[in-house]
2 protein chains.
Amino acid sequence: MFNRMSKTQKVDTFRGASLPAYQRIAAAIRDKIASGELAGGQQLPTELELAEQWGVARQTVRNGIAVLVSEGLVVARRPLGHFVRKREHMLYRPQGESRDQPASPEMDRFCQQIIEEGRVPSQTIDVSLVQAPPDIAERLRVDPGTVVVARRRVRYINGEPININDSHFPLDIVKDSEIMSPADVARGTNQALADLGYPQDRAIDEIYTRMPTPEQIRRLDLGPGTPVAVHYVTGYVADGTPVRCTVNVLPSDQHVIVFERKFERTWS
Amino acid sequence: MFNRMSKTQKVDTFRGASLPAYQRIAAAIRDKIASGELAGGQQLPTELELAEQWGVARQTVRNGIAVLVSEGLVVARRPLGHFVRKREHMLYRPQGESRDQPASPEMDRFCQQIIEEGRVPSQTIDVSLVQAPPDIAERLRVDPGTVVVARRRVRYINGEPININDSHFPLDIVKDSEIMSPADVARGTNQALADLGYPQDRAIDEIYTRMPTPEQIRRLDLGPGTPVAVHYVTGYVADGTPVRCTVNVLPSDQHVIVFERKFERTWS
DNA sequence: AGGGCAACATTGACTAGACAATGTTCAACC
DNA sequence: GGTTGAACATTGTCTAGTCAATGTTGCCCT
């Protein structure tokens with residue numbers, strides 16, 4: 001077989017700044033997605049078509065598509081082809097969880113813009129005694145390995161897992177309480193904690209974002225190219241003792257994390 | 001060349017649940033990283049060594065390593081090999097930016113654990129009039145394309161870009177003010193806004209996480225497998241008019257986003 | 001009409017090899 | 001001693017092909 005260019009692959013068509021072919025292919029498709037020429041849900045040309053169009057091997061096209069997949073722009077649906085991913089955001093509001101805080105008109109506006117209808121929420125709860133992993137131990141200020149109560153929830157919307165919510169409590173303060181029961185606590189675990197004599201006075205929120213572990217991919221049924229946000233909430237009673245450490249794991253492309261802040265009298 | 005197995009590639013050694021080879025390779029290395037057997041900064045075996053160890057083609061090893069790279073666990077340093085990435089977190093505290101808020105002892109503790117010494121911060125500022133992009137326009141409640149003031153900052157630590165911080169203001173309220181000058185505003189732009197008669201009363205924080213656009217990769221000099229957190233802050237004056245919309249882009253693996261919340265009298 | 005089965009198109013996994021790109025290292029030279 | 005440059009090891013890019021896996025589609029038979 002003879003090719004017109006004897007082996008050089010950089011030169012073959014030197015438009016652009018001579019990026020590798022697979023990156024040029026990725027960029028071209030990315031641009032079409034950004035410009036709307038390829039809309040969400042629409043199908044890409046097949047690998048073979050693209051290979052022919054660009055005059056490269058199928059593997060090179062695959063490399064290009066792999067870039068887009070890892071960026072979360074494209075998904076493969078096996079025997080059909082590749083499709084532009086459509087993304088829509090879901091609201092995650094740490095401050096508003098099951099309780100009505102002041103919520104200004106601006107906050108209401110945001111929520112209304114995002115919340116949609118026809119959602120069927122459900123959850124699974126599982127309570128167990130576990131040895132505190134290092135991250136939890138550090139935040140609850142106990143030695144790693146100390147036994148704590150873990151209340152693990154996976155929340156679903158329309159049957160799809162939407163977030164992981166694992167709360168941890170020091171064993172001695174929740175022992176024999178309602179919190180130990182693997183059922184929904186109607187008034188909220190925070191209220192339950194307060195009733196036990198540990199009203200939370202303040203909390204610290206930490207948000208990390210990273211690519212998920214395989215375990216998280218499994219529990220949340222994530223596609224490739226989906227980063228997760230890991231949100232720790234550590235709750236303290238008035239004297240500064242931590243009484244709760246919750247880990248939320250949110251698939252990033254399905255959530256917006258929303259906080260509201262009031263500037264009491266710090267400036268103006 | 002004869003192989004003992006005539007073409008079947010699934011069976012060749014059927015330990016585990018018969019995942020594809022490249023995934024088994026990735027998992028094996030990932031485990032070694034998680035267990036600490038391969039510590040941060042340490043070098044992986046070369047592709048050829050791994051190919052021989054596992055009895056597969058080099059390309060298959062490459063696919064496995066690509067998984068780890070896209071997870072942000074491993075980086076390539078070209079003629080040397082692949083190395084386990086070392087990650088350290090940097091503090092990002094929306095509430096504490098250049099102003100001392102109450103900051104409880106717990107918050108101090110967190111900051112001390114994370115902040116390190118010997119850091120040389122610097123920044124570039126650039127102020128321009130731009131047509132509001134859709135996301136900004138929506139939050140400032142103006143029509144897209146309306147001219148607004150954009151105050152763009154890139155912050156560096158030890159010369160490395162650490163975050164993008166773009167603040168947007170309605171043109172009419174900051175016109176001819178200090179905010180229009182591309183220099184650091186010592187007392188903070190929020191104080192400057194207040195002095196102009198627009199004291200902010202509250203703000204809404206939205207946090208999205210996603211894989212970065214190529215433009216963000218360029219501006220922040222990101223490696224592969226690094227998601228970014230996009231943090232919008234919209235500030236409102238008492239009557240509910242938005243007067244500021246700031247977009248922060250943070251490379252995720254370099255930041256923790258930390259909030260502190262007080263539970264005024266909502267529960268207990 | 002419906003259920004099941006076979007053909008099919010497409011992506012997924014893998015091989016064996018070639019050549020390019022690129023910092024590192026070290027020896028030779030000034 | 002310092003600089004230059006060549007050899008080198010390693011990853012990066014690409015080809016051309018094979019076979020596997022997997023939903024979809026539509027035909028065929030009941």
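- Applying the salt bridge (Lys or Arg N to Asp or Glu O under 4.0 Å) rule to A:Arg151 yields no partners; only residues at least two apart in sequence or on another chain are considered.
- Contact annotation: the side chain of B:Gln53 never approaches that of B:Val61 to less than 4.5 Å [non-hydrogen atoms, C-beta and beyond].
- Comparing A:Ala21 and B:Leu48, the nucleotide of DNA chain D nearest to each residue sits closer to the 5' end for B:Leu48.
- Remark: B:Asp135 pairs with no residue by the salt bridge (Lys or Arg N to Asp or Glu O under 4.0 Å) rule, at least two apart or across chains.
- For residues 30-41 of chain B, the pairs satisfying side-chain hydrogen bond (donor to acceptor under 3.5 Å, both in side chains) are B:Arg30-B:Glu71, with sequence neighbours left out.
- Taking 4.5 Å as the limit, every side-chain heavy atom of B:Tyr232 sits out of range of all side-chain heavy atoms of A:Val258.
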Distances for protein N/O vs nucleotides 5-10 of chain C N/O pairs under 3.5 angstrom?
unit_1: C:dT10; atom_1: O4'; unit_2: A:Pro79; atom_2: O; d: 3.3

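- Remark: B:Arg77 engages no residue in a salt bridge (Lys or Arg N to Asp or Glu O under 4.0 Å) (not counting sequence neighbours).
- With a 4.5 Å cut-off on side-chain heavy atoms, B:Ile65 and B:Glu47 count as touching.
- Per the geometry, CD belonging to B:Gln23 stands 12 Å off P belonging to C:dG12, to the nearest Å.
- Of the residues in residues 57-67 of chain B, those placing a heavy atom less than 4.0 Å from an atom of DNA chain C are B:Ala57, B:Arg58, B:Gln59, B:Thr60, in numerical order.
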(request) Show your working on side chain to side chain donor-acceptor pair (under 3.5 Å) between A:Thr209 and B:Thr209 and close with a plain yes or no. (result) CA-CA 7 Å; A:Thr209 71; B:Thr209 73; 5.5 Å; no
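- Between the OH atom of A:Tyr22 and the P atom of C:dA20 there is a distance of 17 Å, rounded to whole Å.
- Look at CZ on A:Phe83: it is 14 Å from P on D:dG23, rounded to the nearest Å.
- Nucleotide C:dA13 holds its P atom 16 Å from the CH2 atom of B:Trp54, rounded to whole Å.
- Atom pair B:Arg77:CZ and C:dT25:C1' shows a separation of 14 Å (rounding to whole Å applied).
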